[in-house]
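Quick notes on the structure that follows.
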Amino acid sequence: MGFARACSVALVGVDGVVVEVQADLEPGVAAFTLVGLPDKTLVESRDRVRAAVVNSGAAWPQKKLTVGLSPASVPKSGAGFDLAVAAAVLGAAEVVDPGAIADLVLIGELGLDGRVRPVRGILPAVLAAAEAGYRQVVVPQQCAAEAALVPDVSVLGVRSLRQLIAVLTGGVVPEEEAPDPPGRPDPILAGLLVPGAGLGTGLAPGRPGGGDCTDFPDLADVAGQHTARRALEVAAAGGHHLFLSGPPGAGKTMLAERLPWILPPLTRQDSVEVTAVHSVAGILPPGEPLVSRPPYCAPHHSATMQSLVGGGTGIPRPGAVSLAHRGILFLDEAAEFHSRALDALRQPLESGHVVIARAAGVVRLPARFLMVLAANPCPCGRHTLHGAGCECPPSVIRRYQARLSGPLLDRVDLRVEVEPVTRSDLLGQGGRGESTAAVADRVREARERAAVRLADTPWRLNSEVPGQELRTRWQAGPGALAQAERDLERGLLTARGLDRVLRVAWTVADLRGRDRPEALDVAVALELRTGIARGAMPQTGDGR
């Protein structure tokens with residue numbers, strides 16, 4: 001009788017659970033039994049592992065083989081357990097030393113020829129192993145850079161099962177040559193990317209000023225729209241949600257597409273969080289083990305509620321709100337989305353995460369994103385244009401605008417009416433607006449000022465600070481809130497709306513370099529939220 005164990009990781013959402021893979025050999029009719037709540041893909045690993053072991057030059061044990069995955073109560077899916085199952089079987093057959101694999105975490109899929117194929121979710125799996133106290137992991141060579149992002153963990157990247165056996169037995173590690181000529185795509189990388197799983201997520205190849213990319217959307221290309229540009233800058237500096245309403249062709253989509261470029265680069269912790277989500281979703285680009293820029297997710301208006309918040313059969317998978325974590329979620333033609341799908345965003349907008357309960361389990365996914373809504377004022381889009389001939393009946397206009405519910409819009413800090421572009425602005429007679437790099441510098445300075453103020457607190461952006469703290473701990477200047485309090489009494493603001501106005505006022509003060517908001521800063525915040533002119537908005541894009 002032979003027994004050996006190895007370890008692997010089961011992913012539940014973006015969280016990992018260390019699984020002990022036990023292999024037991026007993027005399028009897030040759031059979032291979034796999035237990036421990038495996039899914040269909042994992043059950044099929046019996047054939048993959050057997051063929052890979054034989055084609056790697058090792059003998060398959062002709063005994064009764066039982067492989068158990070513990071804890072048995074945790075659902076296990078995917079082909080990432082193949083490498084651990086093969087190591088446990090070889091340990092039970094004494095091909096390798098069972099003690100050498102007992103505390104080894106192995107993650108990877110096996111091909112029939114013994115090659116180790118990459119799998120999705122390497123980073124969160126290695127993070128879970130490190131948190132559980134494991135310090136040695138074996139992963140596919142193509143994923144070694146991703147696994148190496150976890151500190152204090154020794155990573156071994158292998159291309160084949162033959163190489164792993166040689167390492168464990170102290171033999172000469174064979175060189176695995178690529179089967180295809182140089183320059184041809186490597187079919188082994190097919191497991192890293194899942195077609196259609198991106199939901200409009202875009203990871204740009206560089207940032208302005210970074211030296212690696214100069215072809216980026218520049219804010220200077222947007223003609224006119226001084227108020228909308230100002231709102232974009234405030235949204236980026238404080239992490240405030242933004243609603244752009246206006247006729248077609250006014251530049252709403254252009255503005256939203258340039259927002260990621262004025263956001264600061266992700267911190268190391270944020271990069272790891274974003275990379276983990278993208279790795280699980282199967283949209284992490286090969287050769288980029290760490291996502292360093294805020295993601296940009298723009299799903300089509302036909303997206304379902306499950307595709308936005310997450311879901312799917314079996315264990316729920318990340319949706320658009322999680323793919324946009326620490327980045328931008330842009331909902332173009334927002335009024336065309338299903339009302340149930342839009343209202344499902346209300347909870348993650350407040351909490352910064354989404355909890356999905358399904359029959360297979362409950363998953364908590366990160367969802368701290370900056371939401372940008374863009375919509376036309378009516379079905380034809382000409383309602384706000386003078387003399388444009390809008391023929392939409394008032395009832396149709398009200399019904400169209402009501403698709404964005406009041407509770408959802410109450411969570412949006414900035415609501416801007418995007419005016420049609422004038423001829424002088426379009427022809428450049430008024431001069432070009434500020435560049436993306438100039439606005440990004442001010443946004444970075446404002447965030448640094450807020451970070452100093454919020455040090456030693458659980459909050460990082462003004463949009464995350466509770467209103468109670470802003471009213472007691474960090475108070476505005478004397479009399480600064482008088483106008484906002486009058487709007488509250490008149491019903492123009494809700495209690496949540498007043499808190500959000502105060503948050504925006506702090507962001508405006510940070511952009512202007514002030515220690516606390518004054519009456520003018522609050523007036524700007526009120527104008528950006530209610531759309532009522534207060535005479536406080538600057539007519540230039542200098543951010544002052």
Side-chain angles (χ1 to χ4, degrees), residues 6-11 19 21 23 32 34 38-61 65 67 69 76-93 95-96 101 104-122 125-126 137-147 155-169 171-195 197 279-280 282 284-287 289:
C7 295
S8 192
V9 178
L11 289 177
V19 173
V21 181
F32 189 171
L34 183 64
D39 71 342
K40 178 65 174 176
T41 304
L42 189 49
V43 169
E44 293 175 349
S45 69
R46 296 177 300 184
D47 300 320
R48 292 194 300 270
V49 170
R50 181 187 294 111
V53 169
V54 172
N55 289 327
S56 297
W60 183 260
L65 171 62
V67 174
L69 308 175
K76 305 165 190 71
S77 61
F81 293 88
D82 289 3
L83 201 57
V85 171
V89 171
L90 293 174
V95 175
V96 299
I101 62 173
L104 200 61
V105 177
L106 302 102
I107 307 167
E109 177 186 347
L110 286 175
L112 300 184
D113 57 355
R115 288 189 297 172
V116 180
R117 303 178 61 91
V119 295
R120 292 175 280 118
I122 288 291
V126 178
V137 298
V138 178
V139 298
Q141 190 179 60
Q142 295 85 349
C143 302
E146 182 181 346
V155 178
L156 173 63
V158 294
R159 291 187 63 91
S160 67
L161 184 59
R162 284 183 291 270
Q163 289 185 339
L164 178 61
I165 295 175
V167 171
L168 295 176
T169 58
V172 179
V173 179
E175 291 290 338
E176 296 290 345
E177 297 181 359
D180 298 314
R184 293 191 58 184
D186 188 352
I188 259 186
L189 297 177
L192 289 177
L193 293 175
V194 178
S279 179
V280 169
L284 189 64

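Bear in mind the structure is a predicted one, so any value in this text is a computation, not a measurement.
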Quick check: closest heavy atoms across [X] and [Y], and the distance to 0.1 Å?
{"X": "Gly121", "Y": "Ser279", "value": "N-OG, 2.9 Å"}
{"X": "Ala144", "Y": "Val139", "value": "CA-CG2, 3.8 Å"}
{"X": "Cys143", "Y": "Val119", "value": "SG-O, 4.1 Å"}
{"X": "Lys76", "Y": "Ala10", "value": "CG-CB, 4.2 Å"}
{"X": "Pro140", "Y": "Pro118", "value": "CG-CA, 3.6 Å"}
{"X": "Ala79", "Y": "Thr41", "value": "N-CG2, 3.9 Å"}

Can you confirm whether [X] sits close enough to [Y] that some side-chain heavy atom of one is under 4.5 Å from a side-chain heavy atom of the other?
{"X": "Leu69", "Y": "Val21", "answer": "yes"}
{"X": "Leu104", "Y": "Leu168", "answer": "yes"}
{"X": "Gln163", "Y": "Pro174", "answer": "yes"}
{"X": "Gln142", "Y": "Arg159", "answer": "yes"}
{"X": "Val105", "Y": "Cys7", "answer": "yes"}

For residues 82-90, tabulate all N or O donor-acceptor pairs below 3.5 Å that involve a side-chain atom, not counting sequence neighbours.
residue: Asp82; atom: OD1; partner: Arg48; partner atom: NH2; Å: 3.1
residue: Asp82; atom: OD2; partner: Arg48; partner atom: NE; Å: 2.7
residue: Asp82; atom: OD2; partner: Arg48; partner atom: NH2; Å: 3.3
residue: Asp82; atom: OD2; partner: Leu110; partner atom: N; Å: 3.2

Please set out all donor-acceptor pairs under 3.5 angstrom arising from side-chain atoms of residues 53-61, sequence neighbours excluded.
residue: Asn55; atom: ND2; partner: Ala51; partner atom: O; Å: 3.1
residue: Asn55; atom: ND2; partner: Leu112; partner atom: O; Å: 2.5
residue: Ser56; atom: OG; partner: Ala52; partner atom: O; Å: 2.7

Quick one: [atom1] on [X] to [atom2] on [Y], what's the gap to the nearest 0.5 Å?
{"X": "Phe81", "Y": "Ile107", "atom1": "CZ", "atom2": "CD1", "answer": "9.0 Å"}
{"X": "Leu284", "Y": "Ile122", "atom1": "CG", "atom2": "CD1", "answer": "11.0 Å"}
{"X": "Glu109", "Y": "Arg120", "atom1": "CD", "atom2": "CZ", "answer": "10.0 Å"}

Exercise. Using salt bridge (charged side-chain N to carboxylate O under 4.0 Å, His left out) as the criterion, list what pairs up with Arg50, not counting sequence neighbours.
Key: Asp47
Practice problem: Apply salt bridge (charged side-chain N to carboxylate O under 4.0 Å, His left out) to Asp113 and list each qualifying residue two or more places apart in sequence or on a separate chain. | Solution: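 Residues passing salt bridge (charged side-chain N to carboxylate O under 4.0 Å, His left out) with Asp113: Arg115.
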Exercise. For Ser77, enumerate each residue passing the side chain to side chain donor-acceptor pair (under 3.5 Å) test, keeping only those at least two apart in sequence or located in another chain.
Key: none
Exercise. Please identify each residue that fulfils side-chain contact (heavy atoms from CB on, under 4.5 Å) with Val43, with sequence neighbours left out.
Key: Pro38, Arg46
